[in-house]
2 protein chains.
Amino acid sequence: MARPSKFSTDEILDVACGLLLDDGPAALTVSAVARNLGAPSGSIYHRFNSRDLLIAMMWLRAVEHFHQHIEPIFDTTETYSDVVRISCGVVTWAREFPLHAQVLLLHSASALLHDGWPDEVIERNQAQLQRLQVMQNKLCKRVGAKTAAQKRRLGFAIMDIPYAAVRLPLSRGEAPSKDSEQLVADAVTGVLAALTKENT
Amino acid sequence: MARPSKFSTDEILDVACGLLLDDGPAALTVSAVARNLGAPSGSIYHRFNSRDLLIAMMWLRAVEHFHQHIEPIFDTTETYSDVVRISCGVVTWAREFPLHAQVLLLHSASALLHDGWPDEVIERNQAQLQRLQVMQNKLCKRVGAKTAAQKRRLGFAIMDIPYAAVRLPLSRGEAPSKDSEQLVADAVTGVLAALTKENT
DNA sequence: ATAGTTTTAGAGACTACTCTCTAAAACCAA
DNA sequence: TTGGTTTTAGAGAGTAGTCTCTAAAACTAT
């Protein structure tokens with residue numbers, strides 16, 4: 001029977017998140033995580049083969065959380081006029097889960113990883129990229145987006161605009177303002193106006 | 001009479017930009033800049049007292065370039081329906097000056113600087129923050145934005161939306177798609193619809 | 001030629017990080 | 001008690017970055 005852990009994986013990843021958000025990417029080192037957690041660096045390396053693996057896991061945790069949250073909204077969206085539900089869902093997710101949102105929306109994985117995606121998580125990462133792609137493809141089919149321009153417009157509405165609304169508050173460690181969902185809805189309405197016209 | 005420089009300040013900053021964009025923030029070191037430029041590190045440190053000063057100067061160069069470009073558009077915008085000119089001007093600037101745009105729009109200064117803004121450039125940075133604030137305040141006055149909500153909406157239209165439209169192509173080293181200005185215009189139209197109604 | 005000034009050049013001190021390694025601790029089972 | 005397994009613990013090898021320092025180069029003026 002093995003010695004029990006003193007530190008859970010989530011605790012380690014939470015400390016890493018905190019360091020990233022409070023002190024920036026350069027502060028995100030295994031030494032700093034260990035120091036802040038009160039764990040020896042050998043313990044961290046025992047769990048995560050490399051610094052990049054720790055970062056990648058932190059990132060994937062946020063991505064998976066986001067996808068889990070947003071997927072049901074995607075899957076129940078049938079028309080262009082419903083798309084705004086997804087857009088606002090992104091904002092609401094960022095509001096409710098700022099830690100994950102700060103990781104996912106304020107930094108790119110490639111900027112955080114020093115040597116790219118570690119082998120251990122390549123498939124897991126691919127799976128999430130695929131998962132989002134499938135969500136988007138199915139949505140395009142359901143709402144009737146066929147051309148590249150229509151798809152681009154849809155992607156702008158779903159991901160880029162909500163991102164625009166939350167990035168500054170997130171970077172200040174604040175919640176998005178109360179009217180953020182309405183702002184996003186208005187922008188999305190403007191962007192999709194052309195497409196809903198095409199569909200009528 | 002002093003020995004002439006072999007390397008100009010702009011050359012040094014250009015190499016730094018290239019490193020940031022090609023290899024990410026962690027690759028942005030004085031050692032790497034020196035190596036890529038073929039200059040001794042002593043020369044770089046002779047010019048820039050610290051790594052953070054080099055980064056700060058690279059950042060400010062991009063900010064000042066952007067402000068120089070966007071200020072005339074700000075200053076000639078009088079009505080809500082003209083605001084879209086600013087929004088599209090941001091996209092066009094990013095399209096024409098990708099190097100500066102990549103620095104300014106894909107990374108936050110705080111994420112790049114290890115120890116915050118160096119004393120040498122605090123005032124210069126403050127001046128640019130002030131400059132933007134003045135532009136925005138004057139615009140609010142001219143178009144008639146009075147409440148915090150109106151101002152928020154205006155800021156969303158001017159900065160956040162264009163930014164969202166260019167960040168992914170920029171991060172891939174690509175130009176924004178040809179329809180980006182139209183996408184932004186539609187989103188901004190949606191966002192400002194409420195304000196133009198209030199004004200009539 | 002010497003003096004003055006600025007810039008290049010590169011060695012090296014120092015630091016912090018990454019990661020490996022060894023050993024011990026902590027648990028249960030036999 | 002011994003054995004097995006997993007985890008903690010922490011020393012230390014190796015590396016790369018930051019930055020200081022010394023010296024020389026490169027120019028013009030006197």
Side-chain angles (χ1 to χ4, degrees), chain A residues 1-16 18-20 22-59 109 111-121, chain B residues 1-20 22-59 107 109 111-121:
Chain A
M1 180 64 178
R3 175 178 176 165
S5 305
K6 280 176 75 169
F7 314 99
S8 71
T9 297
D10 268 346
E11 270 179 296
I12 297 171
L13 297 183
D14 287 344
V15 167
L19 277 170
L20 175 61
D22 293 341
D23 301 315
L28 189 47
T29 66
V30 171
S31 310
V33 172
R35 198 182 304 128
N36 276 271
L37 193 57
S41 74
S43 283
I44 311 285
Y45 280 106
H46 182 81
R47 304 286 196 84
F48 305 94
N49 279 342
S50 65
R51 177 193 170 276
D52 272 353
L53 184 57
L54 187 154
I55 309 283
M57 301 284 276
M58 176 185 75
W59 176 266
L112 298 178
L113 299 172
H114 288 173
D115 294 306
W117 286 91
D119 290 343
E120 292 96 322
V121 286
Chain B
M1 181 61 178
R3 172 179 176 165
S5 304
K6 280 177 72 170
F7 313 100
S8 71
T9 297
D10 268 346
E11 271 180 297
I12 297 172
L13 297 183
D14 287 345
V15 167
C17 285
L19 278 170
L20 176 60
D22 292 342
D23 299 316
L28 189 48
T29 66
V30 171
S31 309
V33 171
R35 198 182 305 126
N36 277 272
L37 194 55
S41 74
S43 282
I44 311 286
Y45 280 106
H46 183 80
R47 304 287 196 81
F48 305 93
N49 277 342
S50 65
R51 177 194 170 273
D52 273 350
L53 184 56
L54 187 155
I55 309 281
M57 301 283 276
M58 175 186 78
W59 176 267
H107 301 280
L112 298 178
L113 299 171
H114 288 174
D115 293 306
W117 287 91
D119 291 343
E120 293 95 320
V121 287

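Small disclaimer: the values here were computed from a predicted structure and weren't measured. First the proteins, then the strands, lettered A, B, ... as listed; each starts at 1. Just so it is clear, the values below take in all heavy atoms, side chains as well, and ignore hydrogens, waters and symmetry mates.
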Q | Sugar-phosphate, base or nothing in reach of A/S41, heavy atoms under 4.0 Å | A | base

Q: Report the residue (B/A2 or B/D115) whose heavy-atom-nearest nucleotide on DNA chain D is the more 5′ of the two.
A: B/D115

Q | Separation of C/dA9 C1' from B/K6 NZ (nearest whole Å) | A | 9 Å

Q. What are the two closest heavy atoms between B/F7 and B/G38, and how far apart are they?
A. CZ-O, 3.6 Å

Show me the protein contacts with nucleotides 14-17 of chain D, counting only N or O atoms at under 3.5 Å.
unit_1, atom_1, unit_2, atom_2, d
D/dG17, OP2, B/R35, NH2, 3.3

List the atom pairs, donor and acceptor, that lie under 3.5 Å between side-chain atoms in residues 30-37 of chain B and the rest of the protein, sequence neighbours left out.
unit_1, atom_1, unit_2, atom_2, d
B/N36, ND2, B/A32, O, 2.8

(Q) Does A/T9 form a side chain to side chain contact (heavy atoms under 4.5 Å, CB included) with A/F48? I'd like the steps, not just the answer. (A) CA-CA 9 Å; A/T9 297; A/F48 305 94; 3.9 Å; yes

Q) Do the non-hydrogen side-chain atoms of A/L20 and A/M58 ever get within less than 4.5 Å of each other? A) yes

Could you pull out the protein-nucleic contacts involving nucleotides 22-25 of chain D (nitrogen or oxygen on both sides, under 3.5 Å)?
unit_1, atom_1, unit_2, atom_2, d
D/dA25, N3, B/R3, NH1, 3.2

Q) Which atoms form the tightest heavy-atom contact between B/E11 and B/K6, and what is the distance? A) OE1-O, 4.0 Å

Q: Would you give the length of the straight line joining atom CG of B/L53 to atom CZ of B/R47, rounded to the nearest 0.5 angstrom?
A: 12.0 Å

Q. Whole-Å distance between C/dA16 P and A/L28 CG?
A. 18 Å

Q) More 5' along DNA chain C: B/R47 or A/D52, using each one's nearest nucleotide? A) B/R47

Q: Can you tell me the distance, in whole Å, between the NE2 atom of B/H114 and the P atom of C/dA16?
A: 14 Å

**Q.** Closest nucleotide among C/dC19, C/dA9, C/dA26 to the B/S43 side chain
**A.** C/dA9

Q: Provide, to the nearest angstrom, the distance between the NE2 atom belonging to A/H46 and the P atom belonging to D/dT5.
A: 14 Å

(Q) Output the rounded distance in Å from CG (B/L37) to P (C/dT7). (A) 15 Å

**Q.** Atom pair distance, as rounded to whole Å: CZ in B/F7 and C1' in C/dT6
**A.** 15 Å

**Q.** Over all atoms of both residues, closest heavy-atom pair of A/T29 and A/R51
**A.** CA-NE, 4.3 Å

Q | Nucleotide C/dC19, atom P - distance to CG of A/N49 in whole Å | A | 9 Å

(Q) Please report the distance, rounded to the nearest Å, between CD1 in A/I44 and P in C/dC17. (A) 14 Å

